[in-house]
Amino acid sequence: MEYNFKEIESRWRKQWAELKTYKVAEDPSKPKYYVLNMFPYPSGAGLHVGHPLGYIASDIFARYKRLRGFNVLNPMGYDAYGLPAEQYAIQTGQHPAKTTEQNIARYREQLDKIGFCFDWDREVRTCDPQYYHWTQWAFRRMFLSFYCNKCQSARPIEELVARLEQKGTEGLDVAQTEELSFTAEEWNAMTQKEKEEVLMNYRIAYLGETMVNWCPKLGTVLANDEVVDGVSVRGGHPVVQKKMKQWCLRVSAYAQRLLDGLDTIDWTDSLKETQRNWIGRSEGTEMEFKVAGSEDSFTIFTTRADTIFGVTFMVLAPASDLVAQLTTHEQKAEVEEYLAATKKRTERERISDRKVTGVFSGSYAVNPFTGESIPIWISDYVLAGYGTGAIMAVPAHDSRDYAFAKHFNLPIVPLIEGCDVSEESFDAKEGIVCNSQSEKFSLNGLTVQEAIAATKKYVTENGLGRVKVNYRLRDAIFSRQRYWGEPFPIYYKNGMPQVLPEECLPLELPEVSKFLPTETGEPPLGNAQLWAWDTEKNAVVDKALVDDKTVFPLELSTMPGFAGSSAYYLRYMDPRNDKALVSRESDEYWKSVDLYVGGSEHATGHLIYSRFWNKFLFDIGVSCEQEPFRKLVNQGMIQGRSNFVYIIKDTNTFVSFGLKDEYDTTPIHVDVNIVQNDILDVEAFRSWRPEYKDAEFILEDGKYVCGWAVEKMSKSMYNVVNPDLIVEKYGADTLRIYEMFLGPISQSKPWDSNGIDGSFRFLRRFWNLFFEGEDLAVADVAPGKENLKSLHKLIKKVTEDIEVFSYNTSVPAFMVATTELAQQKCRSREVLEQALVLLAPFAPHICEELWHRLGHSETIFDAAWPEYDEKYLKEDTLTLPVSFSGKTRYTIEVAADAQNAEVEKAALEHPSAAKYLEGKQIVKIIVVPKRIVNIVIK
RNA sequence: GCGCUUGUGGCGAAAUUGGUAGACGCGCCAGACUUAGGAUCUGGUGAUUUCGGUCGUGUAGGUUCGAGUCCUAUCAGGCGCACCA
């Protein structure tokens, strides 16, 4: 019987869809398992062969879990908001909703061909109002919340208001943009607008001033990589650093919880480390420095409080508010010139050229330990956004301070016994402290670690400062001047943002006349006519009606890409609920994602935001789990394997790879789809492009051999392999098997179509196991001992592999078992059916087909996963290697249950033994049961 | 610079707690069947060899009866963070 994969696969594709085989509902009688893939952005290019890698791996796991009796949730959807659709819209006028719709249709078609067990009834799209309703809803709640440090949780903003009314800011311990200080009386005397401004300092979603790359000509904020040499990459327009009001999320409030949570989840060490790095916790000391000859003082942050006696200057960040305060009259012009110069440089430039720059402020600070006067400088190597934006510089023990001191000829005082600071600073936190003594306090003779602790203690006890933990993690900037994104449920009254009532959500994205910014530099939503909020009607109205009494302008920015992807895993649990993001029942049943599969490029983006978002939802009682993703597996990237042809210079003649060195040639990328096993289809090449119509070839052995290289899979390299073509030629099951066989899931590897025949041959051999000629060759006969051994060996291997998510070694196990069963001419229904169930997660179509041919009416995925029994794996006799001092010499046959003494005897009685023992003395004999006999000789 | 990670045939890769290195697939070689083969099936395939062996898991040491696996140093590639005080 021929293995007709086309017929089989199209039949089951249809059946599964019609019967809704993969539809899932909460079922308290079964344990749940939630498998999730990072949902794709539906790009216009469609899927290439690398995209489904993770989907296939998780699909196998989902099917396996189902066979194990779990109720498995395995949903799929689309991250549908994104820049490419918007840019396409700007160029063509085509509405992004329309292109997105088309791309999704194409993705769906491609995904359907691969045979995934997704429950498509749960599909979500981030651009669907029914979906972004809950993105807006979560934002709204963030706006209405503050973060209490004491209870480590988000709380309703009313609680904060009530507290401010009673006690003002006294003893307030909450997450905040800056530390404010006022009494209850002062608060109560504030106007409504003033109060709202103050509250902005505490809200979890807040409007804040941040530095951005602003391009006035384009009317938009640009990312760092969109700016080179101070001008925009597109168009070459000047870009300036500008403080702008942007929506922000107070992610930093959750820094410690995001850090602690990492210890509770099953992610790879490298990914956890990346996140720890990104959160960047550092324990240090905040110290107060008085300004010489003034009542003013300022605070710095340091992790090296022990180096206080080596401070020879102070440095302020140019953007720090202290700059204006501390610049003296005489230095004013020079400082302003410097500030103007630093403003022009982008962050990226500053980091890349690493030139030492700076200017003296004119002021001096007083060292709180020694009373010495220290000059205060301004330099852009100090960042305004970290710590307090001011540092104490210790050039002897910090390489950046050292470079600065050398450049401006400032003194360098070493503080560690025996360290040499003539050429470079001594940054290591080790050694014995010296030169560190004042009248009241000495660190001399202590180790650095002891000195840090002693200084902290002294500083705290003497009111010079406090112990402080700082995080590198910054608040997320949450507005984008773009059209194709979620609108904010915000309108402005008296210039202050107001949130829409909950029942008015979703606020739908309006139609616009064009997708570009307006002439006045407003974001694209400024082009929308119907974009004002009527607080009486509670409805969107024409913006011409704005009267600042009952009708107000709506927010013009939209949310960034990560907004929609931050809580989609919760929405899948209950995707059609129009009363809540997720119902309590659904959430308590599915809890959190048990297995999350996706690329590691999201380590510091989506995977941080999503954890933050979930923790917030946990705080407000929506999500019942602290961590959204229990286990995370990063699939590697599939790279392209490009093919080259070699054209002889100034001719239209191409020379085969092996002969190219005899000519002066230029390599040219050639479409990998007209190359097979590195042999070029010359006719296809001639018709590939008009200029190659009359191409001539110099062949080797009658073939044109192409060169190859591993590169990124991309259109321009002509190395994109479309899964549709593989499915067409070999079938989805072969594609699935081959993708898993290619190598470990988490490793990046090039796609190489050359090996795919092997996977196809395996499936055909497996199919043939069930037939004799045209007839089914399966019988209700008792399985032979050898059959059971092959089967149970397979069950053991496959079960163990799937549990640890390493399928690349299961595929060979299937190949071996298939060969063995074929050689044994196994006809046993019992054995073959179990083998079928084992293969079903990997190759669902072929297994479902055979399962039904064997007379089953239910889907194979309702069968039970076979358990293996050690008793079938036992050997009667064992072949053991015998080695002499570690070098294997011969093998012996012993009974499986032989005692060590018997094994020893058998080893020494072997005819070869005498040869190796000649003139030698046995020191000892080591017998490792069932493994090896090692005779140590002298 | 700091952190993580990986180095095994012509290629993708296996290898349990340290126990016969290279499973399985590709490629290659030989054979069978074929008018034919870019189809199918069978066998072989780390290097070297005086056919006894010898050498082989990036490199150099170490521990051990025994090391791809453990330890120390070092080299190379990949990824992440990067003036974070």
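Being a predicted model, the structure only gives us computed values, none of them experimental. Chain letters run A, B, ... following the sequence lines, proteins first and then strands; every chain starts at 1.
Across C11(B) and C4(B), the matching C1' atoms stand 28 Å from one another, rounded to whole Å. A82(B) sits 48 Å from C28(B) when the C1' atoms are compared, rounded to a whole Å. For G12(B) and G78(B), the P atoms lie 16 Å apart once the distance is rounded to whole Å. A13(B) and C26(B): their C1' atoms are spaced 11 Å apart (whole Å). Between G1(B) and G46(B), the distance separating the two P atoms is 42 Å to the nearest Å. A gap of 25 Å separates the C1' atoms of U69(B) and G25(B), to the nearest Å. Annotation: U6(B) and C51(B) have their P atoms spaced 44 Å apart (nearest Å). Remark: the separation of the P atoms in A39(B) and C29(B) is 13 Å, to the nearest Å.
When both pairing distances are held under 3.5 Å, U50(B) makes no Watson-Crick or G-U pair with any nucleotide shown. Under the Watson-Crick or G-U wobble criterion, with both distances below 3.5 Å, G38(B) is left unpaired in every strand shown. G7(B) is paired with C75(B) under the Watson-Crick or G-U wobble criterion, all donor-acceptor distances under 3.5 Å. The partner of A67(B) is absent, by the rule that a Watson-Crick or G-U pair needs both atom distances under 3.5 Å. Look at G1(B): its Watson-Crick or wobble partner, with both distances under 3.5 angstrom, is C81(B). A 3.5 Å limit on both hydrogen-bonding distances identifies no Watson-Crick or G-U partner for U16(B). With a 3.5 Å ceiling on both atom-pair distances, the Watson-Crick or G-U wobble partner of C28(B) is G44(B).
Here the nucleotide nearest the side chain of F301(A), chosen from G80(B), A85(B), A13(B), is A85(B). Proximity note for R472(A) (side chain, C-beta onward) versus G12(B), C81(B), A85(B): the nearest is C81(B). Comparing atom distances between the D380(A) side chain and each of A13(B), A85(B), C83(B) picks out C83(B) as nearest. Side-chain proximity of I391(A) to the nucleotides G19(B), C81(B), A85(B) is greatest for A85(B). In this structure, the nucleotide among C4(B), C83(B), U20(B) sitting nearest to the side chain of E273(A) is C4(B).
Nearer the 5' end of RNA chain B, as judged by each residue's closest nucleotide, is the contact made by R931(A), out of T388(A) and R931(A). With the nearest nucleotide of RNA chain B identified for both D401(A) and I932(A), I932(A) has the one nearer the 5' end.
Contact between the side-chain N/O atoms of Y386(A) and the OP1/OP2 oxygens of A85(B) is found at a separation under 4.0 Å. The phosphate of U40(B) has OP1 or OP2 within less than 4.0 Å of a side-chain N or O from R764(A). Note on Q747(A): a side-chain N or O is less than 4.0 Å away from OP1 or OP2 of A13(B).
Aromatic rings of F309(A) and F369(A) (six-membered ring for Trp) have centroids within the 6.0 Å cut-off, being under it.
As judged by a 4.0 angstrom heavy-atom cut-off over every strand, I926(A) is placed among the base-contacting residues. Backbone-only contact: N754(A) has heavy atoms under 4.0 Å from sugar-phosphate atoms and none from a base. Within the nucleic acid shown, P750(A) has no heavy atom closer than 4.0 Å to any nucleic acid atom. Across all strands shown, R761(A) has heavy atoms under 4.0 Å from sugar-phosphate atoms exclusively, and none from any base. R641(A) comes within 4.0 angstrom of nothing in the nucleic acid, heavy atoms only. Using a 4.0 Å heavy-atom criterion, one finds that T879(A) contacts the bases of the nucleic acid, with or without backbone contacts as well. Here V394(A) lies out of heavy-atom contact (under 4.0 Å) with every strand.
A distance-only check finds a donor-acceptor pair linking the side chain of T342(A) to the backbone of L339(A) [under 3.5 Å]. Formation of a donor-acceptor pair under 3.5 Å by the T307(A) side chain with backbone atoms of G310(A) is not found in this model. No side-chain donor-acceptor contact under 3.5 Å links S746(A) to the backbone of G636(A).
Between the P atom of C41(B) and the CZ atom of F762(A) lies a distance of 13 Å, rounded to the nearest Å. Between E800(A) atom CD and A15(B) atom P the separation is 12 Å, expressed in whole Å. We find that CD1 of I756(A) is positioned 12 Å from P of G27(B), with the value rounded to whole Å. In this entry the distance linking CZ of R889(A) with P of G52(B) reads 15 Å, nearest Å. Following rounding to the nearest Å, D757(A) (CG) and G25(B) (P) show an atom-to-atom distance of 13 Å. Between the CZ atom of R304(A) and the P atom of C83(B) there is a distance of 20 Å, rounded to whole Å. Atoms OH (Y916(A)) and P (G52(B)) sit 12 Å apart, rounded to a whole Å. Between W278(A) atom CH2 and C2(B) atom C1' the separation is 16 Å, expressed in whole Å.
For E803(A), the CD atom is densely surrounded, since the number of other residues' heavy atoms within 6.0 Å is greater than 12. The neighbour count for D321(A) CG, taken as heavy atoms of other residues, nucleotides or ligands under 6.0 Å away, does not exceed 12.
We find that K6(A) and E728(A) are joined by a salt bridge, their nearest charged nitrogen and carboxylate oxygen being less than 4.0 Å apart. A salt bridge links D801(A) with K797(A): the distance from a Lys NZ or Arg NE/NH1/NH2 to an Asp or Glu carboxylate oxygen falls below 4.0 Å.
Applying the 3.5 Å distance criterion, the base of U40(B) shares no donor-acceptor pair with the side chain of R765(A).
Syn is the classification of G52(B), since its glycosidic angle stays within 90° of 0. With its glycosidic angle more than 90° from 0, G77(B) adopts the anti conformation.
Shown here are the salt bridge (charged side-chain N to carboxylate O under 4.0 Å, His left out) partners of E800(A), two or more places apart in sequence or in another chain: there are none.
Taking both residues in full, the closest heavy atoms of A393(A) and V315(A) are given as CB-CG2, 4.3 Å, listed atom of the first, atom of the second, then distance.
Residues from residues 807-820 of chain A that place a heavy atom under 4.0 Å from any atom of RNA chain B, listed by number: N808(A), T809(A), P812(A), M815(A), V816(A).
Considering E283(A), E288(A), E286(A) in turn, E286(A) is the only one that fulfils the salt bridge (charged side-chain N to carboxylate O under 4.0 Å, His left out) rule with R466(A).
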